[in-house]
Each structure stands twice: as structure tokens, then as C-alpha cells.
There are 2 protein chains.
Amino acid sequence: MEALESVLVIEDDKMIRELLRLTLEKKFLILEASTARRSWEILTQHHADAIVMDLNLPDFCGLKLIKNIRKNHTHIPIIVLSGEKDDARKVQCFNVGADDFVEKPFCTDLLVARINAHLKRCKELNGLSNIEANDSLPSDSEQQMELNGWVVDPLKFQLFDKQGHSADLSSREFCLLQYFLMNEGRAISRQELCEAVREKNYVPTPRALDVKIARIRKKICGPKGGAQIIKTIRGVGYMLNLEN
Amino acid sequence: MEALESVLVIEDDKMIRELLRLTLEKKFLILEASTARRSWEILTQHHADAIVMDLNLPDFCGLKLIKNIRKNHTHIPIIVLSGEKDDARKVQCFNVGADDFVEKPFCTDLLVARINAHLKRCKELNGLSNIEANDSLPSDSEQQMELNGWVVDPLKFQLFDKQGHSADLSSREFCLLQYFLMNEGRAISRQELCEAVREKNYVPTPRALDVKIARIRKKICGPKGGAQIIKTIRGVGYMLNLEN
DNA sequence: AAAATACGTAACAAAAATGAAACAAAAATA
DNA sequence: TATTTTTGTTTCATTTTTGTTACGTATTTT
């Protein structure tokens, strides 16, 4: 009784996405995203066995997205699909954690074959490691992100200190913080931040964001504040600065 | 201290073989074969971590060679290098067990990147299988998983305490719990949980899941609850935490 | 320097998420 | 078919999260 494997397709071009869906849905359960943002949502809410993604997305750099996904999903096969001709950029994809690169235009059968090859590998891995299925623990240790003494645990949607105490962030506070982490060192407008955390039935106003950030600050810096990690950029928005 | 990884190059064209050697020997220990026959010899006498092979060999059909190698070397990455333009034949390669296909002419950097990607995967595999190999022997009898004083018996679809008393979980409650066990330490969204236990004619709503979890909790923690093993991650879903 | 603006903060109110119990429906079993 | 078990639904209580408002302070503008 084999369950159908699921493939997340991240592609902004509607035509190509359609093509991919039609081709792949015969063999896999398809999850679709047209933006990086949507792909994060899906990845936190669903299980995916593999990812096929375009490199050029409207809202986020493809390379960064790969890095980011790899941080939270150590083993998931990531297959990049792109019209990119430049070999150096292809190499970059592999360096940030991609497993394969398929140039557009592509042969659908070949893509399926490649996906299957990667899935086969993953199955071998999982077969060996039923117990080890929580692959996050051992491998995370090399990649865990630090933030002012806190350890970021995306799998648990939470920040922990060295003693394992939680920072008690709400899930949305944590999402917002993740967005800061992904855009570290860059000033982000309120507007963009609102977009970033927006969901169905949840659209915060810029002012509401101020409060949200104040709450995050209080939780991760202590009541005295100390050196603010999330800096205020007057007239613009906020910025996360790790190095200092 | 990382040992240099070894790559077996199977290629009859002397020029290309030379090129491959020059490129790859900076990163890997290179083994060379110009015929299928020679490649068998090498594989029986040496250890190789990956294979880069031409599809057109003088003495043997490339596809058959792949099949053959795969029979004896289940996990070794096989990267086919060929001038073949026909997509159907490429697909064939994957079907007989190849892991990758690179068309000639090729970018050497990209080839290196691809080899590395596959090697990385294999290392993950080996890392895990070592652990597995170690504790499978001594703890064979303790293969059973423990959960807050309960012993998980997947064959009986049930939890038992030390005295052998059943926790009286229904089969679906048990399935859900198993999914938690497989994803221990990670927050799982309601959506994903619903999909995980879903069957034909059985698609629980997220809300129904809350009730199901409440029932599991009551059965395995006692009416007082005690420290919840299945934690609630507000705004996300639930998470099983064994260590604490 | 006064006014306007931007932001921090606290307190309160509104909304949302979840737990619990009771009941109803469905499924399994005798 | 009758009975038991399992599952889903509804309702209500509780907790948590979030937004709003009001006010204070700092910064910029005039």
C-alpha cells in the first residue's frame, strides 16, 4: 500500500506550472506555489517528498530560497528548473544545496525520471532510518541559526536559549522573525513586513506591526531592551542586524 | 580529517578521459577505465565513491553496464556522460539505475558540482546506516519504542504498559500517534496531520483532529493530563516531544 | 521653539484558537 | 438486527493572541 509521493512545484509562469502539473500529477501528488512566500506556507503546512522549482521568482531570490528550504528540510530533493544558460550560476545552485538542475525547455519524461531517481535515494535513506526519521536533530546542529543567544528552531516554530527555555513567541511572531532572518541586514518597510506575514483572514496594518515588533523585542531582549537586534529605521521600517 | 573521495571514470575516448582526469583529480582520487571489462576489474579491487561513465563503450552496452554495476553496488552514484540527444534513451538510463545524466559537451565545473551533490547524499546515507548498523545488533530486543512509559507495538496497533495493559487506542488513534513518532520534535500542522491519517472514505477535518488528539492524550496521560507529551503549538498544530 | 510626525508602550477590547463535555452519526461487531 | 465502539459535531468555557486606542517621548520639519 504505497502512498503517492508529493512534489511541490514552485514556478511563477502559469503556462509552465500548468504543464508541470499535467505531467507530474499522473505520478505524484502535486502541490503548487507561484511565489516563494506561498512555498514557505505550503512547506510548513504540508508534507512534500520533493521540490521542483524555478530559479526566477517574483518575490525572492531563487538561490536564497534553496538555502532556506535546505535549512529546514535537510534531505528533501530540490530540482531546479530554469532557462539559465550560464554554467557558473548552475554550479551556484548546487553549492547552496540543490540536488539537480534541469534546463528549460525540458523533456517531461526526463524530468519525471530525474525526480524518481532522487526519490529512490531518499527512500533508501528513510528505509534505513525509521527511528532516525527525526533527522532534524543531528544535522541541525551544524546549521542552527543563532540570534542574540537564542537558537532558532524552525521545526518547533520557536526560539530557545542554551538551557532549552523557550522564548514563548507566538507562531506569527516567529514567522515575522523568520522573515527578518531571511532578509538580515536589509531595511524592510512596514508594508513589506505586512505582506510577508499576511494570510487568509489575517492582514495586519502597519501600526499593528509596530506592536508586534515591540512584543518580539520584549521577549527576546528582556524588558530592559538592551541592544536592540531589530533596529528601527525611521520613516522606513525595521531591520535585523546580527553582526553589529 | 576527510579522506579524498574516489571517482571511477569509464570512458573510451582518450581525449575526454584525459580532460576528465585533469579536471577531477583536483578534487577526487581518480580511477580510470576505458572499457567495461576494465571497470569491473577495478570495481572488484578498489573502492569507488562515485562513477562517471560514458554510454558508448567498445565492449559492452552502457545500459547493461549500469544495470550490472547497480546489482553489486546498490548505492554508488552513477553519472552518465554522453553525447546522446535522444531524451528517451536518457530516460532509459535512469530506469536502469543511473543517478544523473550529463550531456556532452559538458562544463567541467558543473560536472564537479553534480558529483559533489551525489556524494553528499551518499554521505548522509552512510552516516545514518552506520548508526543503524551499530545499534541494531545490541538493541535488537529493545527495538521497541517507548513513549512516556508506554511500549509501542506497531504489529498490534497498540500501546502497552509494563504490565502488559493496553492503552486501548483505536486503530486510527494509533496511526496518528505513529505519525507523531515518525516526526518527533517537529511541529506538525493540522492540515498535514489530516493528510497523514487520511484514507479512502476517511478525511477528518482539522477540528475533528483536535478531538482525536484530546482522546489520545486522555488515554496515554491519564485524566489529569500531567505533562503533555503531545504539545499544542498554537496557530500551527501539534508536536510530539519525547526528550523534554 | 513650536508643530508635526514617527514610533514605543501600556492597557484594554476583540478575535481566534483550543480544550472539554455531551450528543449524534457512523462503523464495526455480535 | 441489536449492541458496542469509534468518530464527528456542536456548544461553551478558557486561554492566548492580536488589534486598537491613547498617551508619552523622540525626532524632524517649519
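Naming convention: chains lettered A, B, ... in sequence-line order (proteins, then strands); numbering from 1 in each chain.
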Practice item. Please round to the nearest 0.5 Å and tell me the distance separating atom CG of A/L43 and atom CG of A/L31. Key: 8.5 Å
Would you indicate which nucleotide in [options] comes nearest to any side-chain atom of [X]?
{"X": "B/Y202", "options": "C/dT9, C/dC7, D/dT7", "result": "D/dT7"}
{"X": "A/V211", "options": "D/dT21, D/dT18, C/dG8", "result": "D/dT21"}
{"X": "A/A214", "options": "D/dG8, C/dG19, C/dT9", "result": "C/dT9"}
{"X": "A/T232", "options": "C/dG8, C/dT18, C/dG19", "result": "C/dG8"}
{"X": "A/K212", "options": "D/dG8, C/dG19, D/dT18", "result": "D/dT18"}

Review point. Is there a side-chain polar atom (N or O) of A/T205 under 4.0 Å from OP1 or OP2 of D/dG19?
Key: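 Indeed not, no polar side-chain atom of A/T205 lies that close.
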Practice item. Could you tell me whether the phosphate oxygens of C/dA20, OP1 or OP2, come under 4.0 Å of any side-chain nitrogen or oxygen in B/K218? Key: no
Check ion pair [X]-[Y] (N to O, under 4.0 angstrom):
{"X": "A/D86", "Y": "A/R89", "answer": "no"}
{"X": "A/E5", "Y": "A/K123", "answer": "yes"}
{"X": "B/K90", "Y": "A/D109", "answer": "no"}
{"X": "B/R121", "Y": "A/D99", "answer": "yes"}
{"X": "A/E32", "Y": "A/R17", "answer": "yes"}

Rounded off to whole Å, could you give me the [atom1]-to-[atom2] distance for the [X] and [N] pair?
{"X": "B/R207", "N": "C/dA16", "atom1": "CZ", "atom2": "P", "value": "14 Å"}
{"X": "A/D210", "N": "D/dT20", "atom1": "CG", "atom2": "P", "value": "12 Å"}
{"X": "B/L176", "N": "D/dT6", "atom1": "CG", "atom2": "P", "value": "15 Å"}
{"X": "B/F174", "N": "D/dT6", "atom1": "CZ", "atom2": "C1'", "value": "17 Å"}
{"X": "B/I213", "N": "C/dA17", "atom1": "CD1", "atom2": "P", "value": "16 Å"}
{"X": "B/K219", "N": "D/dT5", "atom1": "NZ", "atom2": "C1'", "value": "9 Å"}
{"X": "B/L169", "N": "D/dT5", "atom1": "CG", "atom2": "C1'", "value": "14 Å"}

Practice item. Could you give me the CA-CA distance, side-chain angles and deciding distance for A/H46 and B/E195, then say whether side chain to side chain donor-acceptor pair (under 3.5 Å) is met? Key: CA-CA 8 Å; A/H46 302 264; B/E195 284 166 28; 2.7 Å; yes
Review point. Taking five pairs at each end of the helix from C/dA1-D/dT30 to C/dA30-D/dT1, what angle separates the two helix axes (nearest 10°)?
Key: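 Axis angle across the helix from C/dA1-D/dT30 to C/dA30-D/dT1, nearest 10°: 40°.
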Check your understanding: Which heavy atom in A/S166 sits nearest to a heavy atom in A/W150, and how many Å separate them?
Key -> C-CZ3, 4.2 Å
**Study point:** base_contact_polar (D/dG8 base, B/R215 side chain, donor-acceptor, <3.5 Å)
**Key:** yes
I'd like a list of close polar pairs between nucleotides 13-15 of chain D and the protein, N/O only, cut-off under 3.5 Å.
{"from": "D/dT15", "atom 1": "O2", "to": "B/R234", "atom 2": "NH2", "distance (Å)": "3.2"}

With heavy atoms under 4.0 Å as the rule, sort [X] into base, sugar-phosphate or nothing.
{"X": "B/S171", "answer": "nothing"}
{"X": "A/R172", "answer": "sugar-phosphate"}
{"X": "B/I233", "answer": "sugar-phosphate"}

Review point. Any luck finding a side-chain donor-acceptor pair between B/N116 and B/H118 under 3.5 Å?
Key: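 No, because no side-chain N or O of B/N116 sits under 3.5 Å from a partner of the opposite role on B/H118.
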Exercise for review: Kindly indicate whether a cation-pi arrangement holds for B/R114 with A/F94, taking the cut-offs as under 6.0 Å to the six-membered ring centre and within 45° of the axis.
Suggested key: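 The answer is no, since B/R114 fails at least one limit relative to A/F94.
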